[in-house]
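Okay, structure first, notes after.
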There are 2 protein chains.
Amino acid sequence: MKNISYNSLKLFAEEVFLRMGCPAKEAHEAAEVLLSADLRGVDSHGVARLSGYIRLWEQDRINAKPEIKIVHETPSTAVIDGDKGLGLVVAPFAMRIAIEKAKIAGTGWVSVKNSNHYGIAGYHSMMALENDMIGWSMTNASPLVSPTFSTERLLGTNPISIAIPADKQPPFVADFATTTAANGKLEVLKRKNEKAPLGWVQDSNGKPTTDVDALKSGGSMLPLGGDREHASHKGYILGSIVDIFSAVLSGANYGPWAPPFVSFLPLREDPVGDGLGHFFGAMRIDAFRPANDFKKHMDNWIETFRKSSVTEENDRVLIPGDPEREISNERLKNGIPLLNPVIEDLIKIGDQFKLDFKSYFKD
Amino acid sequence: MKNISYNSLKLFAEEVFLRMGCPAKEAHEAAEVLLSADLRGVDSHGVARLSGYIRLWEQDRINAKPEIKIVHETPSTAVIDGDKGLGLVVAPFAMRIAIEKAKIAGTGWVSVKNSNHYGIAGYHSMMALENDMIGWSMTNASPLVSPTFSTERLLGTNPISIAIPADKQPPFVADFATTTAANGKLEVLKRKNEKAPLGWVQDSNGKPTTDVDALKSGGSMLPLGGDREHASHKGYILGSIVDIFSAVLSGANYGPWAPPFVSFLPLREDPVGDGLGHFFGAMRIDAFRPANDFKKHMDNWIETFRKSSVTEENDRVLIPGDPEREISNERLKNGIPLLNPVIEDLIKIGDQFKLDFKSYFKD
């Protein structure tokens, strides 16, 4: 484990994207989006994934010079074809369209096809905040999750992020997988050699299990709720909605057809659409009520929840976005902690692109 | 228990609303919305609640002749003041505005203040289906739910409904409380003298409990997920989003200020807005892609999920909306089963309004 400064890591990632052939502006943005995951503590979605993007690019599943374009639109909607570009670049492009639509029509809603993994959902939704808008971001993903009562992997961990501005309080930023636990949490347990709580995964027969390796033997992840008695059908609904809005609405691959992120899994030979799908929204606050009124009431909402009485085991009630903001502040100061395998991976990437990774963190 | 025909019950409810002073069209619509709950098997939200609406009307908390109006709008948004009208009437009014906006701008989003309980969320979202639109419906509600780590009741069971059209398949209709279990399920357990599964409620100290009466001694309902290990913070996020979209965006009362449905609880003396809030959306499918393409892919999506392999204990994978549609078909044929206390309640309502309830179900 070693801490490396956020800026150094971002410069390295930007240089890698440049050498993959990305135009300068897009390489810069892709690095910004990728590193926002490391900054916010979502380590599974940051530089640890850089090699995954490179593997897909080597197989021509990612296009470093995409012509991203609007293929259909109305005053408040658009569908975008990502041209197999990095999701890290396609997503902010789409979110900017949503924001522009909202400026004129009050809201903007953009469904995206032919894209790839887009980093953390929260980066994109948060783009709305500086415009006094509410931002939405969701994406479908590699199928790992079984619907309630099913043993097949038909959905991804399909995250939803919604960012809502406040006045003096920091914004409300929700960013969550629609499963009980995100995939990264299983990885953490594996590394610690611990078992998973019941309700996170099931085995290949659909029996609840604590085996963190259940997915390797045909098991699957469980929708938020975990089992029917605890309303896993609601998590299944949420994952389905993300899938339908991201992929059926745009014309991307949905459900079990969603293309895998890992390059060693082949693409399906019977696609039902183009690439992976995302969905974004921007809602101008003053399309509903004056932004200042809204933000003052959001302050009151946040303060009321934050100061409410806590259970014995806990010392405070959190507002969505609190933990990530605190980690960000800490990591901006002290650097981003990287595990040794991730560092080795980055050194290898450096070798591939004739970059001396170590020279980036001599600071 | 007695089965009473859907049409007879609806006529009775309509007559009651008329005698409360509702204009003919609104009385008709209110009865239609109210009875859709009984039809779809959500017994807690149907005629069993009729007396609750009457009690609020008697206290002047419900206005039988509201002037519902748009107070702010843009091409794709509106805020509506319900003028203390029956939510059963205010909600369809607002949903129609959302649909009209969507016809022109691609999507329509309507936040509502100064309303009351609006029946089942799913009635309103489903209004979009016949227009080849996706419908959204959500509402805040009496505070009964504690955020993760909190012991205070700050949120309602805040339901979300999303209705998505298909072609040959019936539509995908999700309608769910953002708690582990809806309040009505606790009532059912109480009647059977059974305990609640852990993860549904907590006691006044925030300890998990199986006591179905925990709410009577200062306890609260738990957000979807149940506890932190099973991601109750995600249910807390969902309930919060419903609250913010329904009430902070419109200028209604939010969080612990949401007015109670039961008339014996007083209104707070420090309101932060007007009445209860709702939020609706309508998205024209062909604002994204041709409606026929979309609906054919929805058929494929639904068929793929429905025919997937099932776990040992179950015989099929359900699509959201399946159970309610099946109950509807059965109840249209065989009538709506009413418990004796509900029948007695309706007889009393009949007496109050000089209506012979029994004459309505001689068929």
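Throughout, protein chains are lettered first and strands after them, A, B, ... in sequence-line order, and every chain is numbered starting at 1.
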[X] portion near chain B, given a 4.5 angstrom heavy-atom threshold:
X: A:Leu318; answer: both
X: A:Asp293; answer: neither
X: A:Ala102; answer: neither
X: A:Thr107; answer: both
X: A:Phe305; answer: both
X: A:Lys185; answer: side chain
X: A:Ser240; answer: both
X: A:Ile104; answer: backbone
X: A:Leu154; answer: both
X: A:Leu249; answer: both

Looking only at heavy atoms and a cut-off of under 4.5 Å, which of [options] has the most pairs with chain A?
options: B:Pro147, B:Pro197, B:Gly235; result: B:Pro197
options: B:Ile244, B:Ile241, B:Ile134; result: B:Ile244
options: B:Ala78, B:Ala177, B:Ser250, B:Ala181; result: B:Ala177
options: B:Leu198, B:Thr304, B:Thr77; result: B:Thr77
options: B:Val110, B:Leu222, B:Leu155; result: B:Leu155

Between [X] and [Y], does the ring centre distance come in under 6.0 Å?
X: B:Phe245; Y: A:Trp136; answer: yes
X: A:Trp301; Y: B:Trp257; answer: no
X: A:His72; Y: B:Phe288; answer: no

For B:Glu313 and A:Arg228, what are the C-alpha separation, side-chain angles and deciding distance, and is it a salt bridge (charged side-chain N to carboxylate O under 4.0 Å, His left out)?
-> CA-CA 12 Å; B:Glu313 298 78 15; A:Arg228 181 60 184 76; over 6 Å; no
Just how far is it from atom [atom1] of [X] to atom [atom2] of [Y], taken to the nearest 0.5 Å?
X: B:Arg316; Y: A:Phe149; atom1: CZ; atom2: CZ; value: 9.5 Å
X: B:Lys234; Y: A:Leu238; atom1: NZ; atom2: CG; value: 10.0 Å
X: A:Glu312; Y: B:Thr151; atom1: CD; atom2: OG1; value: 10.0 Å
X: A:Ile237; Y: B:Ile160; atom1: CD1; atom2: CD1; value: 9.5 Å

Shortest non-hydrogen contact between [X] and [Y], atoms and distance:
X: A:Tyr254; Y: B:Asn300; value: OH-ND2, 2.8 Å
X: B:Arg289; Y: A:Ala247; value: NH1-O, 4.4 Å
X: A:Ala105; Y: B:Thr74; value: O-OG1, 3.2 Å
X: A:Tyr236; Y: B:Pro320; value: OH-CD, 4.0 Å
X: A:Leu224; Y: B:Gly225; value: CD1-CA, 4.4 Å
X: B:Glu229; Y: A:Trp200; value: O-NE1, 3.1 Å

Determine whether [X] and [Y] make a side-chain contact, defined as any pair of heavy atoms from C-beta on separated by less than 4.5 Å.
X: B:Ser76; Y: A:Trp109; answer: no
X: A:Thr311; Y: B:Asn205; answer: no
X: A:Ser150; Y: B:Ser308; answer: yes
X: A:Thr148; Y: B:Asn314; answer: no
X: A:Met298; Y: B:Val248; answer: yes

Side-chain ion pair, B:Glu152 and A:Lys307, N-O less than 4.0 Å = no
In terms of heavy-atom pairs under 4.5 Å, which option from [options] contacts chain B the most?
options: A:Ile285, A:Thr179, A:Ile164, A:Thr180; value: A:Thr180
options: A:His233, A:Met283, A:Lys101, A:Glu73; value: A:Met283
options: A:Ser232, A:Gly199, A:Gly226, A:Gly251; value: A:Gly251

Any chance NZ of A:Lys195 has more than 12 other-residue heavy atoms, nucleotides or ligands included, within less than 6.0 Å?
-> no
